[in-house]
Each structure stands twice: as structure tokens, then as C-alpha cells.
Amino acid sequence: MAQLYNHHEVEPKWQKIWEDEKAYKTDNDYSKPKYYALVEFPYPSGQGLHVGHPRPYTALDIVARKRRMQGYNVLYPMGWDAFGLPTENYAIANHIHPKTVTENNVARFKAQLQSLGYSFDWDREVNTTDPNYYHWTQWIFLKLFNAGLAYKTNMPINFCTSCKVGLANEEVVNGKCERCGSEVIRKQQSQWMLKITEYADKLIEGLDSVDYIERVKTQQRNWIGRSTGAEVDFALTGKDDKLTVYTTRPDTLFGATYMVMSPEHPYIEKYKDEISNYDELIAYREQAAKKSDFERTELAKDKTGVEIKGLTATNPVNGKQIPIWISDYVLMSYGTGAIMAVPAHDERDWDFAKKFNLPIIEVVAGSSVPVTEQVYTDVAEGKLVNSEFLNGLSVADAKVKITEFLTEKGIGHAKTNYKLRDWVFSRQRYWGEPIPIIHCDKCGYVPLKEEELPLMLPEVDSYMPTDTGESPLAAMTDWVNVKCPKCGGPAKRETDTMPQWAGSSWYFLRYTDPTNDKELASKEALKYWLPVDWYNGGMEHTTLHLLYSRFWHRFLYDEGVVPCPEPYQKRTSHGMILGSNGEKMSKSRGNVVNPDDIVREYGADTLRTYEMFIGAFDLAASWSDEGVRGCRRFLERVWKLQDITVDGDTYSSDLETNMHKTIKKVSLDFESLKYNTAIAALMTLINDFYKKGSVTKAELKTFLTLLNPVAPHITEEIWSLEGFDGRIYNTAWPEYDEAKTVENEIEIAVQISGKVRGKIMIAVDEDKDSVITKAKENEAIAPLLEGKTIVKEIYVPGKIVNIVVK
RNA sequence: GCUCCGGUGGCGGAAUUGGCAGACGCAUGGGACUUAAAAUCCCACGGUGGCGACACCGUACCGGUUCAAGUCCGGUCCGGAGCACCA
């Protein structure tokens, strides 16, 4: 009898051996085929590792381990995305340097990850807060700046009137400051921006060449939001000026019955003197300023707005004079900050027109309900009406014709627009990468020289932003006041820091050559390792992080720094792990599970197995303590296979098909995010071993090898106790014979008119006539066919027989 | 609100291109072992009716396509993720 399975001994023992043997150290042998598996590096929060972290890490650990067994040179690295707001806030509250906070958190995270037995190459660990790392983050920023892709502009930020601090959106709760409850306003602040919009088309087109799960591609495309339409000029009545609008429906131009400008539109100031209700407009603008864009565009039911008295516009195609309104659902940041409203054929315009009693004119016919009662937005069926030379055309044809007309007359032109906005790149915070720019009154923004990098984050007395909302670095006058590198005159350093997204936009490059102090990584290393073969991360990073890092990568490709245009060949996403009550885990809900407790009580292998078995990898799953115990029970059954192991270097004949089938299923499932069914197949196989009462050494070897990527410690221990050669971690992945994965004889169902009425045994390759005859002769079927007329006989090979009767 | 995703037993979930709904695990009930319990092993386990072979119903809801629908199409309801300064 084997001893009891004791994970307290087995797991630390093998973790030590793997470390001593450098089992997972990535080879620098560039002649071998490579495989780069990547998981999103964590933010080392003060709470320690969450049970959500091991889900993706285990999944790609499985892939990495399997690839090593298949002979690949595997890069599976880990690091820390350590700049960020929570650390800074903790530092402020507890008067500890954020660097110290980070060090402590990283140490804890690392110990926790190591206790889970991941095959990370810890020699390649990176940390975004390490000056040797952010040296290159700053270097990339300088490249962007020199390429004209970084610029400064005024952007609104959330500002707490009481704390005098710029706030992250997350710190604004119902329009109030999360810390003090005071009112939050939108304050204009000069900000560094990155021109990601210049890369919009490249970022859309790049998606065609990569293998991302479809919904990630869809989300990226929709986020970029490319739309084609037209810009149209409306003359301001009696003025020399024009109001330009962007519309995706130029075909409906004859139906424009009013216009709406964003409350921030510059014309309000420009024509201040002619607007009789200026004060009212300003009051409305102040109200709107309190809302985020998100709040402004939500709640379609509750439209607000004010008519501008004293200013009207002229519709360029029919000369009609129409009123101009302001409303917060029109954003200055999208299009031209003004729209033409066609209430008959646009939902928001319709709601607005109904509320303020504005005319609704039908220009696309096809609705069964009058447009005064229901908006009609169909573009496939409708035909143009009330539109002079457009009448009778389809929407698509009308779009082309009106755009030509506008272009000819010089009052408009085709225009592509994007929902994507430029990336706000400054933070008025301490704990981030300093922006390597100097402001000189004479020379403007002057970049630091490359040799001066890294620009170190200086020590400060307080991490609090200043009263004016500037970064705490602004108070460091010694650091701030410098000589202009160009003219030698007095100048000031930029005191804003970069957002956390900066460091995480290129970390996967650094892993290929993490200690290089001459370049962000050597050309050879990048050429060999890139692109990342498989990148897994949370669905919550699908739009921002993924898009930002693709943008930087594409830029670096254009600059000749990296060898390929797209950074990630394959992208998958995992679902969240929820508490046992199906809600998000949080302290306040009291449903938090600490992975340390699970490792202590059941072992790392149990935790790994459970998290892979918990459900469909891409969907959210609820934690279950009973489920964990079930997985522990499975591993104990694996352990006890030692008691029924018999000699034999081949698969026994009655299990042969089963073995080949399972190798195939597990091999394929590990590649396609179906870890739960792979484990289910292994459970089924072990049940067969026990049913039979014995397992040959050959069968055991295969079984252990298939399970090893999921549960590396216990399989390594049994491997060694059974005296098998070498280590399981560098044994070869089992092969299967396709011909041996199918039974010769199979059972199929026989239906009569679509209902299962019996089963028959057939040979896999039996022909249709023979199968149908067998079905009709079946004792359960034959009586049911008596006196009936057979209308149709269907045989789907290897699947089903259906006899349709009357 | 906008974009995307999901809804299957008591529970987590399974079901290549439409082809036997409920694999595997959990919970529960019964049995074996035990002085007893735990652990382990065996059996049952969607609902309704029937002693029973069996019959009917059943994949959120309504309708459609098909010999055949969890899967495809149209509509409705409910839940989740993201929404640009959380990471």
C-alpha cells in the first residue's frame, strides 16, 4: 500500500528540486523552435493574490508545460505592473514610501505564486517601477514625442473642490468625491496626449492577421468605432460663418429640422452678444460640466437642452431656416461638436424632438407607423421621399448621391470618423514614470537626451497633489528648475507622470531580454521571440490595455524597433471567479477566498485542478468549497493508482481505444481553452482503471504525463516513486494513433419521425442500406412501423437513423 | 444608454458542422465496511404518471425554419463585462 498522499511534503519538495535543477529556465538557444506564452502581469495590490489570479496563470502554465514536453524552447515569464493609484493612496494614508509598499506587496505575491508551482522563468522577472525598466518606457515616450505623436492640450479632469485634487473616474461616486463626499467638478487641465487616432486604421486592419477570440476582435473594432459619413456645412443665418456637422446619414439631410451643438461649442462665446439667453446657456453648460461623457450620453428618456435664441442655421439643400439648440448628449470630443437633427430617423433626435415639440419630417419611407409616432431607423428597406433629387433612391444610393452633390457645391464632403479618442497620457500623481520633457519659455517642449535616461522619480516629502491640482513633483523646486537643454535658459521639468498603462504597453518585449542596459531588448532576442504566441488576459482589458499595447507595438514596428506589426498572435480571455454566492468577491460582501488557505489545506495541485475544472474557461464561475474537495478526492484516487499498478510496457487491449481517445481529447482540449473537459476525460479514464482493477505501467505513464501540466507536483512524485526514467517535466508528450481512437462497433439511435424509439449496433463503416434494414428489423422499431407509410429514410453516418412515417 | 457576452437538473457544468440533452464533478438518498463515526467502496439521482415494460413533458419566454433545434432565424425578459484617470 502506498503511503497517504501528503501535499505538505510533496509540493515543497518538488518546488525545491525544480529550482535547483533550473527546470523552467528559458533556453537562449535560438536554433530551437520557440513558444512564447504570456499572461497579464498582476498589479501587486495590498490584498495579496486573489483566487482569480491562478485561473489564467494555470491555464497557460498547462500550455507552457505541454510545449516544453513537445520540444519547444518556451518563454513563460512573470513580472509586476507596480505603478498605480492604490499603492499611492495607501502610501499617503500610512506615510510609507510607495516604493516600500510595492516591495512588500511584490514579495508577498511572488511567494504566493511560487507556492503554486508555476513554471515561470523567474530569472526574467520585470518590474515597471524599476528605473532600469522605466528607462525604456521613457525612451518609447521620447520616440513618440519625436514622431509628433505626443502633444499637449487642455482636457477636463475630475477635480474635488475640497481636497483640491484631480480624481480618477473610479474615485468619483455619484458625482461626489469618494474620500470626502464633496462635489466634483470638471476642471480644464493641460494634459499630455498620444495620437492613437492616427493609428486607428492600422489597429483595425491588424486584427485581420491575428487569431483573437472573435468577441475580442469585435470589441476592439467597436471601440475604435470607424464610421463613414459626411461633414456638411450649414450657414449661420445672416452671418458669414458656418456650422459644420458630422453625420453618418447624409441621405436624411432634407429631414433636418433643427441642430444641436455641444454646450461647450465655441460659437456660444463667439456670438455671445447676439444670443439673448446667453446666461441660460451658461447655466446649462455648468450643469453639464458636472457630468462625465458617460452620464451625458446615457438615459435616452431624459433629454435636456436649451434653444439658442438669436441664432439660426440654414439647411444648405432646401434653404430652410432651422433653430439651434444645445444639449449635453452632443459631445465636443466626437465629430465636430455639433449635429444636424433628423428626428424622423434617429432615436435620440426623435426623443429630443418629442420632448421639445420640434417638427418631425419623414424622408425615408417604409415604416408601417407614422414617424410622428415611432422613429424609423431601418436603412435596408426604406426609400427616400420629400427629398427632391433623392426621391425614390435607397438609403445607400442616396448617401452616395448627396455626398457627390455636397462635394460639387463645396458645402460638404465624405468623412471618416472614429469613436476612438486620443489617449490622455498625463496624471497629476507621484507614483508613475516621470515624463522626460522640459518646458522652456523660448524653445517650447524640449525632450531629454537619450543619454539622460532614466529620469529618476525623485524623493518627495508628500505624495499629495498640490493645491492647484498639479503633481506632487511640482513642489520639488530643486528638481523642477533646470536649464533648457537647447538654449541653456531657465526652464522647468514636466511634473506630470505617466499612466499605469504606459509600463504595461510593452512589458512583453522586455521579457525577451530583461537585463539589457543598451536597448529595450536586443534585436536578436526580439526577432526570435516575437510575436507572443499566446496571450491570455481578462475580458476587462479587451479595449484599453490591449489596444494601447497594440498601438505602441505598431508604432515601434514603424520605427524599426520590433520585427512584426502585431504583438500578440493569439489572444484569449478568462472569466472571473466569483464568490460562492455568485457575486464578485469583496471584503464587504464577506465572500473572499484566500488562495493560501486552499494551498495549505488541500495543496497547490488541488487548487490548480479545481480552477481548471470549475467551468467554461471564458465564463465567470462561482467558488465552491465542495468542488475543491471533489478535486482533492480525484488526486487521491490518482495517488492510489500506485496500489493497482502492474507490469506492462503496452496498453492493455481492452483499454487501448480509451487511451488513444483520451490522449487525443486532452491534447486538443488543452489547446482550445477546454481545460474542464480535459480533466473530465482524465476522471473518466481513471474510473475505467478502477473498474478494471489494474493499470499497466505504460498506461500509468501516459495518464501521469497527461495530468502533469495541471497537477505537476503529485505526478512528479508518483513518477519518481514508480522508478520511471528521469523527470516527468522533461518527458515527451504522449502520441496517439488516430486509427485507434475509434471503436469498430458503435451504438446509434433510431428515430421514428424524430423521436428516439430504439438503438442498434452497427459497424463504423456500414453502408446506409444495411443500417436502415437493421433499424427496421429492430424489435423495438418493427412493431411501430406496421401499417404506416414510410415517407423518408435518413441515415447520418455514425450518428443517427430517422425514419419518417405517415 | 451604447458595445460585447451569457441564460441547460438541487448546484458547477457537458453536448465537432443542427443528429440519443444532462458527460464529469458536487450535493442528496439508500447499501457495504465499522462497536460507532469519519474516510473509502457500490447503487440511485430532470419532472409528471404507472407495480412495471413504458408514456408524456423538459435547455429563460413567445413565434418561425427543418425529417430533426440547447444549437439556426425574428421578437421579449433576465444576468454579467467594458465605457477612456481602477488595473
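Naming: A, B, ... by sequence-line order, numbering from 1 per chain. Note that these values count all heavy atoms, side chains included, but never hydrogens, waters or copies made by symmetry.
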So, Trp506(A) and Thr137(A): side-chain donor and acceptor under 3.5 Å apart, yes or no? yes
Considering every strand and a 4.0 Å limit on heavy-atom distances, what is the contact class for Ser504(A): base, sugar-phosphate, or nothing? nothing
Do the side-chain N and O atoms of Asp422(A) and Thr197(A) include a donor-acceptor pair separated by under 3.5 angstrom? yes
Looking for any heavy atom pair under 4.0 Å, which part of the strands does Arg221(A) touch: base, sugar-phosphate only, or nothing? nothing
Has Lys788(A) got more than 12 heavy atoms of other residues, nucleotides or ligands less than 6.0 Å from its NZ? no
Could you tell me whether Leu578(A) contacts a base, only the sugar-phosphate backbone, or nothing, with contacts defined as non-hydrogen atoms closer than 4.0 Å? nothing
Within 90° of 0 counts as syn, otherwise anti: where does rG9(B) fall? syn
Mind checking the C1' distance from rG58(B) to rC42(B)? Whole angstroms is fine. 30 Å
For rA81(B) versus rA32(B), give the span between their C1' atoms, rounded off to a whole number of Å. 50 Å
Answer with base, sugar-phosphate or nothing: what part of the nucleic acid does Ala616(A) contact at a heavy-atom distance below 4.0 Å? sugar-phosphate
I'd like to know if Glu40(A) and Arg571(A) make a salt bridge, using a cut-off of under 4.0 Å between side-chain N and carboxylate O. yes
Searching all strands shown, indicate the nucleotide that pairs with rU28(B) (Watson-Crick or G-U wobble; both distances under 3.5 Å). rA44(B)
Sugar-phosphate, base or nothing in reach of Thr684(A), heavy atoms under 4.0 Å: sugar-phosphate
Let me spell it out: for each of Pro42(A) and Ala680(A), pick the nucleotide of RNA chain B with the closest heavy atom. Which residue's pick is nearer the 5' end? Ala680(A)
Take atom P in rA37(B) and the same atom in rG47(B), then report the distance between them in whole Å. 29 Å
Between C1' on rC56(B) and NZ on Lys755(A), what's the gap in Å once rounded to a whole number? 8 Å
Whole angstroms only, please: what is the CD1-C1' distance between Ile196(A) and rA84(B)? 10 Å
Contact class for Asn222(A) vs. all strands (heavy atom < 4.0 Å): base, sugar-phosphate, or nothing? sugar-phosphate
Distance in Å, Phe41(A) CZ paired with Asp81(A) CG, rounded so as to fall on 0.5 Å steps: 4.0 Å
Less than 3.5 Å apart, any donor N or O on the side chain of Asn536(A) or His574(A) sitting next to an acceptor on the other? yes
Does Gln428(A) reach a base, just sugar-phosphate, or nothing at all? Heavy atoms under 4.0 Å. base
Asn676(A) CG to rC26(B) C1': how many Å, rounded? 15 Å
Looking across every strand, which nucleic acid part, if any, lies under 4.0 Å from Leu420(A) by heavy atom: base, sugar-phosphate, or nothing? base
Hey, is the side chain of Lys759(A) poking within less than 4.0 Å of OP1 or OP2 on rG19(B), counting only N and O atoms? no
Could you give the distance separating rU3(B) and rU76(B) at their P atoms, to the nearest angstrom? 14 Å
Separation of Tyr675(A) atom OH from rG25(B) atom C1', in whole Å? 19 Å
Do His545(A) and rA87(B) have a side chain to base donor-acceptor pair shorter than 3.5 Å? no
When the aromatic ring centroids of Phe613(A) and Phe634(A) are compared, is their separation below 6.0 Å? no
What is the separation between atom NE2 on His541(A) and atom P on rA87(B), rounded to the nearest whole Å? 9 Å
May I have the distance from His53(A) (atom NE2) to rA87(B) (atom P), rounded to whole angstrom? 13 Å
Assign Arg427(A) to base, sugar-phosphate, or nothing according to its heavy-atom contacts below 4.0 angstrom with the strands shown. base
Round to the nearest Å and state the distance from Met576(A) atom CE to rG80(B) atom P. 10 Å
Reckon Tyr43(A) touches a base, only the sugar-phosphate, or nothing at all at heavy-atom distances under 4.0 Å? sugar-phosphate
For the pair Glu88(A) and Arg427(A), find out whether any cationic side-chain nitrogen is under 4.0 Å from an anionic carboxylate oxygen. no
Under 4.0 Å between any heavy atoms, over every strand shown, what does Gln751(A) touch: base, sugar-phosphate, or nothing? Just pick one. base
Using the P atom on both, measure rG19(B) against rA68(B) and round to a whole Å. 14 Å
For atom C1', what is the distance between rA60(B) and rC56(B), given to the nearest Å? 22 Å
Mind checking if Ile794(A) touches a base, just sugar-phosphate, or nothing, with heavy atoms under 4.0 Å? base
Same-atom distance (P) from rA39(B) to rG30(B), integer angstrom: 15 Å
When the P atoms of rC77(B) and rG13(B) are compared, how many Å lie between them, rounded to an integer? 25 Å
Contact class for Val756(A) vs. all strands (heavy atom < 4.0 Å): base, sugar-phosphate, or nothing? sugar-phosphate
With respect to the side chain of Trp501(A), which nucleotide from rA87(B), rA81(B), rG19(B) is positioned closest? rA87(B)
Distance, rounded to the nearest Å, where Leu4(A) contributes CG and rA38(B) contributes P: 18 Å
Inspect the surroundings of OH in Tyr418(A) and state if more than 12 heavy atoms from other residues, nucleotides or ligands are less than 6.0 Å away. yes
Remember a base hit wins even if backbone is also touched, and classify Asp618(A) as base, sugar-phosphate or nothing at under 4.0 Å, heavy atoms. nothing
Within the sub-3.5 Å range, which N or O atoms of nucleotides 40-43 of chain B have a protein N or O partner, and how far apart are they?
from	atom 1	to	atom 2	distance (Å)
rC41(B)	OP1	Arg637(A)	NH1	2.7

On RNA chain B, nearest-nucleotide positions of Arg629(A) versus Thr218(A): which is more 5'? Thr218(A)
In terms of side-chain geometry, is the basic nitrogen of Glu636(A) or Lys640(A) positioned less than 4.0 Å from the acidic oxygen of its partner? no
For rC86(B), does either OP1 or OP2 sit under 4.0 Å from a side-chain N or O belonging to Lys584(A)? no
